[in-house]
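Reviewing the structure listed below.
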Amino acid sequence: MVSLTVNGTLHDIEADPDTPLLYVLRDDLGLHGAKYGCGLGQCGACTVMVEGEAVLSCVTPVLLLEGKAVTTVEGLGTIEAPGPMQEAFIAEQAAQCGYCIPGMMMRAQALLQRDPGVSDEAIRAHMEPNLCRCGTHMRILAAIRRAADSMATAGAEAPSGRAGS
Ligand code: FES
Ligand code: FES
């Protein structure tokens, strides 16, 4: 059994230790935001955050996650109250088919939580592992820029200690 926290809720998972995190999220926990693209760590569709870092969940065995905190796209906000990253993707209409978008958001979120003041060049470099077969990369980059500006502003306005939360 593996105990891990997903989007703030503790779960005890009965699964083979080699089971990819992606399968646990989708099949055991019913969280379908993270997508199965290649299953080989080559497309980024399955990206989630583990302890604040972007992780490819299709090639991450659940046994490595004992006691760790996982965040999926469902943890960024809701339909009624989208988070800054989700708001930015909506505002820029960054999705075409949408399949890559949860992974894009989670990789970008990991970067912006560390540094909302990040440069465009750093965003491009950081997003390199995530692919979009629809070719909406420019809108995706615009959305991440918008989210960064929004999060930086919120951080500047927040009481000390809350920046980037
Ligand atoms: S599905 Fe995980 S990298 Fe492609
Ligand atoms: S929007 Fe279709 S794969 Fe990116």
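Both counts, for ligands and for their atoms, begin at 1 and track the order of listing. Side chains are part of it too, since the values below use all heavy atoms of this structure and drop only hydrogens, waters and symmetry mates. Computed from a predicted model, the values in this text were never measured in an experiment.
Proximity of Met151 to Gln109: side-chain heavy atoms (C-beta onward) are separated by under 4.5 Å at one or more points.
Listed by number with element, the atoms of ligand 2 under 4.0 Å from a non-hydrogen atom of Gly98 are 1 (S), 2 (Fe). Atom numbering of ligand 1 starts at 1 in the shown order; those under 4.0 Å from a heavy atom of Gln42 are 3 (S). Of all the atoms in ligand 1, the ones that sit under 4.0 Å from a non-hydrogen atom of Gly41 are 3 (S). Near Cys46, the atoms of ligand 1 lying under 4.0 angstrom from a non-hydrogen atom of the residue are 1 (S), 2 (Fe), 3 (S).
At a cut-off of 2.8 Å, Cys132 is not counted among the residues with an N, O or S atom near atom 2 (Fe) of ligand 2. Among the backbone and side-chain atoms of Cys43, an N/O/S atom is found under 2.8 Å from atom 4 (Fe) of ligand 1. When distances to atom 4 (Fe) of ligand 2 are checked against a cut-off of 2.8 Å, Cys97 contributes no N, O or S atom below that limit. Look at Cys38 and atom 4 (Fe) of ligand 1: an N/O/S atom of the residue is under 2.8 Å from the metal.
Cation-pi check for Arg26 over Tyr36 is not met; the charged atom does not lie both under 6.0 angstrom from the ring centroid and within 45 degrees of its normal.
To the nearest 0.5 Å, atom CZ of residue Arg124 and atom CG of residue Leu141 are 5.5 Å apart.
Side-chain N or O atoms of Glu92 include none that pairs as donor or acceptor with a backbone N or O of Arg139 at under 3.5 Å.
Other residues, nucleotides and ligands contribute only 12 or fewer heavy atoms inside 6.0 Å of the CD atom of Gln93.
For atom 1 (S) of ligand 1, the closest non-hydrogen atom of the protein is Gly37 N, 3.1 Å. For atom 3 (S) of ligand 2, the closest non-hydrogen atom on the protein side is Arg133 N, 3.4 Å.
For the residue pair Asn7 and Thr71, no side-chain donor N or O sits within less than 3.5 Å of a side-chain acceptor on the partner.
Nearest heavy-atom pair, Arg145 versus Val118, reported as atom, atom and distance to 0.1 Å: NH1-O, 2.9 Å.
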